[in-house]
Amino acid sequence: MASGVQVADEVCRIFYDMKVRKCSTPGEIKKRKKAVLFCLSEDQKCIVVEEGKEILVGDIGVTVTDPFKQFVQMLPEKDCRYALYDASFETKESKKEELMFILWAPDQAPLKSKMIYASSKDAIKKKFQGIKHECQANGPEDLNRAYIADKLGGSLIVAFEGCPV
C-alpha cells in the first residue's frame, strides 16, 4: 500500500554519500555518516532528515564510544523512524562495512504513526537502491548485536562493531 509520501532530496544525497564512500582525506572520512535517522515532515507528506540525529565517523572514539549503542539511544521511545546504519562487521575471512536500512516502529508508537511509516517504507526503499540488509525493530530488544549480526549474515558473522557475537 503506497501512502503518497515523497522523499526529500537531502535524504537521497545522504544515502548516496554513505553508499559510495568516496571520502579520501582524513577530514572527509571524519565527516562521513555512521548512522542517520529520517522522519516524516510535520505535514506528514515528505520523508526528511531528522535534525541532529546522526553519528559521524569522526565522533567515534571522541564523543561516541559505542556507535551502535549510541544509535539505539537516538531512536525515540514512542514514535517511528527510518534509519541508515553503516554496519562494521567481521566474518572468519574478512572485515566488511555494509549499509543497513532499519524501520523503527516501537510498540508504544501511535497506531497512525506505525501505519504511515509502514505504508511509506517502499517510497524510501526505492530511493535506496542496492541496500542488501533491512530489518524492522519494534523495541530496543530487537536492536541487539546478535539480532543485527543475524540480519547481516547469520552464523558467518563473528564480530559486530568490534564486539564478538
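As a basis for the values below, the full set of heavy atoms in this structure was taken, side chains included, without hydrogen atoms, waters or symmetry mates. Please read all numbers here as calculations on a predicted model, not as lab measurements. Nothing fancy with the numbering, it's 1 onward along the sequence.
- Annotation for I157 and A149: closest pair CG1-O, 3.4 Å, computed over non-hydrogen atoms.
- Using modelled atom types, one finds a donor on one side chain and an acceptor on the other under 3.5 Å when comparing S88 with K34.
- If you chain together hydrophobic residues whose side chains sit under 4.5 Å apart, L40 and V11 fall into the same group.
- No donor-acceptor pair under 3.5 Å is formed between the side chain of T91 and the backbone N or O of L156.
- Scanning both residues, L37 and A83, for their nearest heavy atoms gives CD2-CB, 3.6 Å.
- No continuous path of ILVMFWY side-chain contacts below 4.5 Å connects V64 to V36, so the two sit in separate hydrophobic clusters.
- Between R145 and V165, the closest heavy-atom pair is O-CG1, 3.8 Å.
- A 6.0 Å sphere centred on CD of Q6 holds no more than 12 heavy atoms belonging to other residues, nucleotides or ligands.
- M74 CE to K69 NZ: the interatomic distance, rounded to the nearest 0.5 Å, is 14.5 Å.
- K151 is linked by a salt bridge (Lys or Arg N to Asp or Glu O under 4.0 Å) to nothing, counting only residues two or more places apart in sequence or in another chain.
- Not one N or O on the side chain of D17 forms a donor-acceptor pair closer than 3.5 Å with the backbone of I14.
- The shortest distance between side-chain heavy atoms of M100 and I148 falls below 4.5 Å.
- Aromatic ring pairs are classed by plane angle as parallel below 30°, tilted from 30° to 60° and perpendicular above 60°; the pair Y82 and F101 is parallel.
- Rounding to the nearest 0.5 Å gives a distance of 13.0 Å between NZ of K95 and CZ of F89.
- For the atom pair CG of D86 and CZ of R32, the computed distance is 5.5 Å after rounding to the nearest 0.5 Å.
- Between W104 and D142 there is no side-chain heavy-atom pair separated by less than 4.5 Å.
- Clustering ILVMFWY residues whenever any of their side-chain heavy atoms sit less than 4.5 angstrom apart, transitively, puts L143 in the very cluster that holds L152.
- We find the CD1-CD1 distance between I47 and I124 to be 4.5 Å, quoted to the nearest 0.5 Å.
- Atom CG of residue N138 and atom CG of residue L103 lie 8.0 Å apart, to the nearest 0.5 angstrom.
- Open room surrounds CD on E51; 12 or fewer heavy atoms of other groups in view lie less than 6.0 Å from it.
- Transitive grouping of hydrophobic side chains (ILVMFWY, heavy atoms separated by less than 4.5 Å) keeps Y147 and L84 in distinct clusters.
- Note on I60: it does not cluster hydrophobically with M18, by side-chain heavy-atom contacts below 4.5 Å among ILVMFWY residues.
- Interatomic distance, K114 NZ to Q108 CD, rounded to the nearest 0.5 Å: 8.0 Å.
- Annotation: side-chain hydrogen bond (donor to acceptor under 3.5 Å, both in side chains) contacts of K45 (sequence neighbours excluded): none.
- Remark: the backbone N or O of S41 is not paired with any side-chain donor or acceptor of Q44 at under 3.5 angstrom.
- Within 6.0 Å of atom CD in E77, 12 or fewer heavy atoms from other residues, nucleotides or ligands are found, so the atom counts as exposed in its surroundings.
- Using modelled atom types, no side-chain atom of S120 and backbone atom of Y117 make a donor-acceptor pair closer than 3.5 Å.
- In this structure, C46 and A8 approach most closely via the heavy-atom pair SG-N, 3.6 Å.
- The aromatic rings of F160 and F68 sit perpendicular to each other, their planes meeting at more than 60°, with 30° as the lower class boundary.
- Counting heavy atoms from C-beta on, the side chains of K53 and R81 never come closer than 4.5 Å.
- The shortest side-chain heavy-atom distance between L56 and K33 falls under the 4.5 Å cut-off.
- A pairwise comparison of heavy atoms in E161 and Y85 identifies OE2-OH, 3.1 Å as the closest pair.
- Across every non-hydrogen atom of D79 and S113, the tightest pair is OD1-OG, 2.5 Å.
- Inter-residue side-chain proximity for F15 and L99 is flagged as met; some heavy-atom pair is nearer than 4.5 Å.
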